[in-house]
Amino acid sequence: MSFKDETVSGYRSYLRNKLYIGAVLVVALTVTIIFSIKVGAANLSVYEILNGLVNSQAAGASIIWNIRIPRILAAIIAGCCMGIEGCIMQNVLRNPLASPYTMGISQGAAFGAAFAIIVLGAGALNSTQADAVIVNNPYLTVFAAFLGAMIGVSIILLIARVRSVTPEAMILAGVAMSAMFTAGTMFLQYFASDTQVAATVFWTFGDVGRAVWSDVWIMFILLIPALAYFMYHAWDYNSLEIGEETAKGLGVNTDRIRLYGMLISSFTSAVTVAFLGVIGFVGLIAPHIMRRIIGTDHRFLIPTSAILGALILLVSDTVARAILAPIVLPVGIITSFLGAPLFFYIIIKMGR
Amino acid sequence: MVLSVDKVEFSYGKANILKDINFKVKKGDFVSILGVNGSGKSTLMKCINRILKFKEGMIFVEERDVREMKEIEIARKMGYVPQRSETGFITVFDAVLLGRKPYIKWDVSSKDIELTEEILKVMNLDEYALRYINELSGGELQKVVIARALVQQPRILLLDEPTSDLDLKNQLEVMKLIKEVSCAQNIASIVVMHDINLALRYSDKFIVLKDGQVFTSGGREVITPELIKEAYGVDVHIKNFEGVPLVIPKSQ
C-alpha cells in the first residue's frame, strides 16, 4: 500500500468508527425499547409481550398497542426532535446554550396552554390518580400551545431578518421572550381559579404519556422532512462551525441557513411541546454529549444527537414509570434530574 | 484578466470605507495589498468575493460580473482565507475537505477525497491528517486554512494577513508556498500584508491603499521612501539587499 492510500484509508476508518458509535446507540435504544414495553402497572411476561405484539387478540395486546407503544414511540420521536433541534440551534446561533428552552419556545407554549385553559376554559380537575388534572379540550390547548410557541420565535426571526442581527442578539431576544411569556403565564394564573392554575401547572409537566396514536403520527411525519433538510445541509453546518466568514467564503449563505435552521427546528419543537408539555434538558445535553464523543461533523452529529435524544427521553420515561410505581412521574421531572448532574459530570470530566 | 475591479465604492452606513477602487489582476499575479490599519484592505477583500455587498462599481471575475453570480459560483472561483480562523473539534482532513463545499451536494465524492489527500501531501500536512485542528500550532493551522482554500480549486486566492500570527520560518514557508502554488496552478493571489519586507520579497505587484482609495499601484518600483512616508507616515530607508529591496525605518 502506498503512502498516498494510507491517509485516505486512515480517514475512512476514522469515519467507520463514528458509524460504530451510531450502531452502539441504536442497539442501546433497541434494548431500552424492549425493557420499556415490559415496565408498567400491568405485569406482562416476555411471552405475553411477544404474543401481544403479533397477535391483536392476545391478553396483553390492548395494553401494549394502546398504552405502551404510543408512549414509547412518542418518547423516541420527541427525543429525536429535541436532539436535532438542540444540535442545529447550537450550531446556527454559535452558542452552546441554545435550545428550544433558551429561545422561549417552551415558555411560549406554556403561555398558550395557560391561555387556552384559563381564558378559553379548556381545563378542569379530574380525580384519577394517574393524571390528576384532565384538560377538557386537548385540541384547543395543543393548538394554543403551538401558537404560543411559534409567536415568540417568529418575532425573533422577523427582527433578525429585517435588522440582520447577530446570533448573540437572537439568543438574548430568546431569553427576553421567555421572561415575557413566563410573566404572562403568571399574570393569567393570578386571576385564575385553583383548578385552572392546577391544570396549567400540570400541563407544563412534560409527559410523553399524553400522546395518542394520532399525535405520534403527526410528530413522525414532521420529523422526517426536517431530518432530511438538516442532513442535506450538514456541510453548511460544518462550514459555520469554523467561522462565519470562512463559511461565506465557501459559498454558504449563512443568513439563510441560520433562518431556515431556526425556523424548522422551532416548528418541530413547537409541535412536540404542544403535544407533550415542557421537557427540558434533552435538547441541550444530547448534542453536547455527541459533540464530545464524535466531534462536530454534522453528517454524524445530527443523526447521533437524534438517537441519543431518543435514548435519554425513553430511559427517563421508563425510570419515571418504574421508580415510584404505580405512580407515574411526568418525564420532564426526570430529564432535568438526570440531565443536570450528567451535564456537570461532562463539564468537569472534559473541561472544555 | 482574471479579475478587474472597476470604480468600486463601499460604505458602512454613512462611513465611506472604499472610494473609487480600480485595478486589474492577471493570472499568476502575486499581488500584495498594503496600507495602514483601517485603510480598507480587509473590506476590499470581502467586496471582491461579495461577502460584503458593494453598492457602486463593478467587479469582474474571468469576465463575469460577480453581482450576477451565485454564492456557490463565486466560491468555485475564489478561495478566501479571513484574518481570523476559528478552530474546532474536527480533524485536519475534514477541515481541508470542507474546501470542497462549493462542489458538494448530499455528500463528498471520491474526487473530493482524492483532491484533499493530494493537497495535504503537497503541503506536508498528511501526517497530521487525523489530528484535531484545535491541537495545532498557529503555523500548522494557517497551512490547513490555506490548504482548504486551495482545494476549492479557485482561480483567485484571497488571503487576509496570512502571516501575521506566524514565526519567521513559517512566514517564509507560507509565502513561498503561496508563490509556488500561484505559479504552478496559474492562480492569481491577492494578499493583504502588514510586513512590507515580506511583501517585497515574494510579490510582484503592489496596491497601496490610503483612506479607502488606491494611493498607488504597480511593481516593486512604486515602493519608495516617499510613498511609505505618505501612506504610513513613517520615514524609511530603502536598501537593496541580495536583489530584494529592504525597507528600514529611520532611527528617530
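Only this structure's heavy atoms are used, side chains among them; waters, hydrogens and symmetry mates stay out. Just so it is clear: chains get the letters A, B, ... in the order the sequence lines come, proteins before strands, and each one is counted from 1.
A pairwise comparison of heavy atoms in G249(A) and A75(B) identifies O-CB, 3.6 Å as the closest pair. Nearest heavy-atom pair across L97(B) and W235(A) is CD2-CH2, 3.7 Å. Counting all heavy atoms, side chain and backbone alike, I51(B) lies closest to E245(A) at CD1-O, 3.7 Å. Contact between E86(B) and G243(A) at its shortest, heavy atoms only, is OE2-CA, 3.5 Å.
Counting heavy-atom pairs closer than 4.5 Å to chain A, the top residue among N49(B), D94(B), I74(B) is D94(B). Your options are I113(B), L98(B), I133(B), L130(B), and the one with the most heavy-atom pairs under 4.5 Å with chain A is L98(B). Counting heavy-atom pairs under 4.5 Å between each of D107(B), I72(B), L120(B) and chain A puts D107(B) at the top. Chosen from A129(B), G79(B), P102(B), the residue pairing most often with chain A at heavy-atom distances under 4.5 Å is P102(B).
Contacts of T116(B) with chain A are absent, with no heavy-atom separation under 4.5 Å from either backbone or side chain. With a 4.5 Å cut-off on non-hydrogen atoms, Y14(A) touches chain B through its side chain but not through its backbone. In this structure, chain B has a heavy atom under 4.5 Å from the backbone of R291(A), while its side chain stays farther away. With a 4.5 angstrom heavy-atom cutoff, K46(B) touches chain A only via side-chain atoms. Proximity to chain A involves both the backbone and the side chain of I90(B), based on heavy atoms less than 4.5 angstrom apart. Only the side chain of R148(B) comes within contact range of chain A, judged by heavy atoms closer than 4.5 Å. With a 4.5 angstrom heavy-atom cutoff, V145(B) does not touch chain A via any of its atoms.
Salt bridge status for E71(B) with K248(A): absent, with no side-chain N to carboxylate O gap under 4.0 Å.
Within a 6.0 Å radius of CD in E135(B), other residues, nucleotides and ligands contribute more than 12 heavy atoms. Other residues, nucleotides and ligands contribute only 12 or fewer heavy atoms inside 6.0 Å of the NZ atom of K111(B). In the displayed structure, R84(B) atom CZ is contacted under 6.0 Å by at most 12 heavy atoms of other residues, nucleotides or ligands. In Y101(A), the OH atom is not crowded: 12 or fewer heavy atoms of neighbouring residues, nucleotides or ligands sit closer than 6.0 Å.
Within the model, atoms CD of E241(A) and OG1 of T87(B) stand 10.0 Å from one another, a figure rounded to the nearest 0.5 Å. Between the CG atom in L15(A) and the CZ atom in F93(B) there is a gap of 8.5 Å [rounded to 0.5 Å]. One finds the CZ atom of F89(B) at 11.0 Å from the CG atom of L301(A) (value rounded to the nearest 0.5 Å). Between the OH atom of Y80(B) and the OG1 atom of T246(A) there is a distance of 7.5 Å, given to the nearest 0.5 Å.
Aromatic ring orientation, W106(B) versus Y232(A): perpendicular (interplanar angle above 60°, classes split at 30° and 60°).
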Run the side chain to side chain contact (heavy atoms under 4.5 Å, CB included) check on D236(A) and K101(B) step by step: do they pass?
-> CA-CA 8 Å; D236(A) 294 285; K101(B) 173 72 191 70; 3.1 Å; yes
